[in-house]
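Keep in mind that this is a model prediction, so the values were computed, not measured.
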Amino acid sequence: MITRTMAAAGLLLALAGTAMAQSVAAPGPTLQAVRSRGTVLCGGHPGAPGFGVMDSRGIFTGLDADTCRAVAAAVLGDAGAARWTILNSASRMTALQSGQIDVLPRSTTWTHSRDTANGLNFTAVNFYDGQGFLVRRSLGVTRGVDLNGASFCVTSGTTSELNLADWARSNNVTIRPVVFEQNDETRLAYQSGRCDVFTTDASQLAGARSAMQNPREHVILPDRISKEPLAVAVRQGDDQWFDIVRWTVIALIEAEELGVTQANVDQMLESPRPDIRRLLGVTGDHGPFMGLDRRWAYNAIKAVGNYGEIFARHLGENTPIGLERGLNDLWTRGGLMYAPPVR
């Protein structure tokens, strides 16, 4: 009887050990490639102030840039392991599909066709936006329907081009599109007077205006003619990598909800709160479930801060872009940023 009991106990221990071993996920193809290479390859914007732009020191900065750094920190423990390939609107999705990059945190709108027909999966929204119109104050217009007959500078291969056509038809407005391949070309064409209106996501219009010689001469009209949930994309077919990128973005939002910042994250390791301890890897195996270290979220937050800190640093009211949080505030303050729990 004693022998049988000991044998049963041994079997239970063995099964427990097996279950524990199985909780550490084996690396999938993308994670394996990233670790072998020692870098995370991200798609970057040719120049979107606040999201992705090369600064005077040659450092790629912005919300999307820090999202890439957060993924690199979560996966490799080193935000400096992020690398960027600068991509225009037409080539960004092809670069991800072909394996040229690992992740696309590049101001890309999550749409049905992109999610289903282009071999992409969108992980999480990191900015809620809408398309708007930038015009000169001297034009004397206050709303979009006043732009009947105007010329519109717009970038090809973007949802902006399609939305503009839909809006014009729906509102019986005559437009004259002036189409360019690169967003910088579109912006410069507007600045040089080749068109009356510059149209794209309102946040990018704010960024473009901030870089103009006389920003006060230009106004963003209150119209928002579309929904533009800007989300971080990965290739279809690698669920583990999808989870890693999605939960890294979520962890930055969750950190803001819980009051965990870049400055206090080390102190928060001693917090008695179970949700903070799970997020930072003090308890639980949430990192190993994805094939990562238990401190995956801690590493990301330590590297770039929480979502609110990133927003304030690159887009907030104390930056030249000067955006209010609005839809991108936490759900507890009337915004749409809502993090599923790490548990």
Side-chain angles (χ1 to χ4, degrees), residues 12-13 15-28 30-31 34-35 40 63 66-82 103 105 123-126 231-232 234 239-313 325 328-343:
L12 288 172
L13 287 171
L15 289 172
T18 301
M20 187 174 294
Q22 289 175 344
S23 71
V24 182
T30 308
L31 179 57
V34 165
R35 283 181 172 160
V40 175
L63 172 67
D66 277 353
T67 300
C68 180
R69 290 189 177 93
V71 173
V75 174
L76 299 171
D78 178 13
V103 59
T123 60
V125 175
N126 70 344
V232 186
V234 296
D239 287 349
Q240 181 191 57
W241 187 247
F242 174 90
D243 287 341
I244 288 170
V245 175
R246 166 186 268 184
W247 282 96
T248 298
V249 176
I250 289 172
L252 302 178
I253 300 169
E254 176 85 337
E256 184 181 7
E257 287 189 25
L258 297 176
V260 180
T261 69
Q262 188 175 31
N264 72 14
V265 66
D266 287 314
Q267 178 185 348
M268 285 294 193
L269 291 170
E270 304 300 324
S271 172
R273 289 189 54 168
D275 45 7
I276 292 176
R277 294 174 70 80
R278 286 192 299 269
L279 175 67
L280 300 182
V282 178
T283 60
D285 288 328
H286 300 285
F289 289 157
M290 302 183 293
L292 303 181
D293 186 87
R294 285 180 175 82
R295 296 291 176 89
W296 62 284
Y298 164 88
N299 290 335
I301 299 160
K302 183 73 173 177
V304 299
N306 64 41
Y307 180 82
E309 291 178 285
I310 298 169
F311 187 101
R313 184 160 61 239
R325 287 290 294 271
N328 296 291
D329 210 340
L330 294 177
W331 66 282
T332 53
R333 297 195 293 257
L336 297 179
M337 287 297 173
Y338 184 103
V342 177
R343 67 171 309 128

Arg313 and Gln262: CA distance, side-chain angles, deciding distance, side-chain contact (heavy atoms from CB on, under 4.5 Å) verdict:
CA-CA 12 Å; Arg313 184 160 61 239; Gln262 188 175 31; 4.3 Å; yes
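- Ile250 and Pro340 get closest at one heavy-atom pair: CG2-O, 3.6 Å.
- Nearest heavy-atom pair, Ala297 versus Ala251, reported as atom, atom and distance to 0.1 Å: CB-CB, 4.0 Å.
- Interatomic distance, Ile310 CD1 to Leu252 CG, rounded to the nearest 0.5 Å: 5.0 Å.
- Side-chain contact between Ile301 and Leu280: present, with at least one pair of heavy atoms (C-beta onward) separated by less than 4.5 Å.
- Rounded to the nearest 0.5 Å, atoms CE (Met268) and CD1 (Ile276) are 4.5 Å apart.
- No donor-acceptor pair closer than 3.5 Å links the side chain of Glu254 to the backbone N or O of Leu279.
- Judged by distance alone, the side chain of Arg294 and the main-chain N or O of Gly281 form no donor-acceptor pair under 3.5 Å.
- Between Glu256 and Arg333 there is a salt bridge, with a side-chain nitrogen of the basic residue lying less than 4.0 Å from a carboxylate oxygen of the acidic one.
- You'll find the side chain of Trp296 reaches within 4.5 Å of the side chain of His286, heavy atoms only.
- Taking the charged nitrogens against the carboxylate oxygens, Asp275 and Arg343 have no contact shorter than 4.0 Å, which rules out a salt bridge.
- Under the 4.5 Å side-chain criterion, counting only non-hydrogen atoms from C-beta, Val265 is in contact with Tyr298.
- Shown here for Leu292 and Ala74, the closest heavy-atom pair between the two residues is CD1-O, 3.9 Å.
- In this structure the side chain of Gln240 reaches within 4.5 angstrom of the side chain of Leu31, judged on heavy atoms.
- Closest heavy-atom contact between Thr248 and Val71: CG2-N, 3.9 Å.
- In terms of heavy atoms, Arg273 sits closest to Leu258 at NH2-CD2, 3.4 Å.
- Here the closest non-hydrogen pair linking Met337 and Ile253 is SD-CD1, 3.6 Å.
- Between Arg295 and Leu269, the closest side-chain pair of non-hydrogen atoms falls below 4.5 Å.
- Atom CG of Leu336 sits about 12.5 Å away from atom CH2 of Trp331, to the nearest 0.5 Å.
- Put simply, the side chain of Trp241 reaches to within 4.5 Å of the side chain of Val75, judged on heavy atoms.
- Taking a cutoff of 4.0 Å between a charged side-chain nitrogen and a carboxylate oxygen, Arg69 and Asp66 qualify as a salt bridge.
- The line from CZ of Phe242 to CH2 of Trp247 is 10.5 Å long, rounded to the nearest 0.5 Å.
- Between Asn306 and Glu257, every side-chain heavy-atom pair lies at or beyond the 4.5 Å cut-off.
- The line from NZ of Lys302 to CG of Asn264 is 9.5 Å long, rounded to the nearest 0.5 Å.
- Atoms CZ and OH, from Arg325 and Tyr307 in turn, are 6.0 Å apart once rounded to the nearest 0.5 Å.
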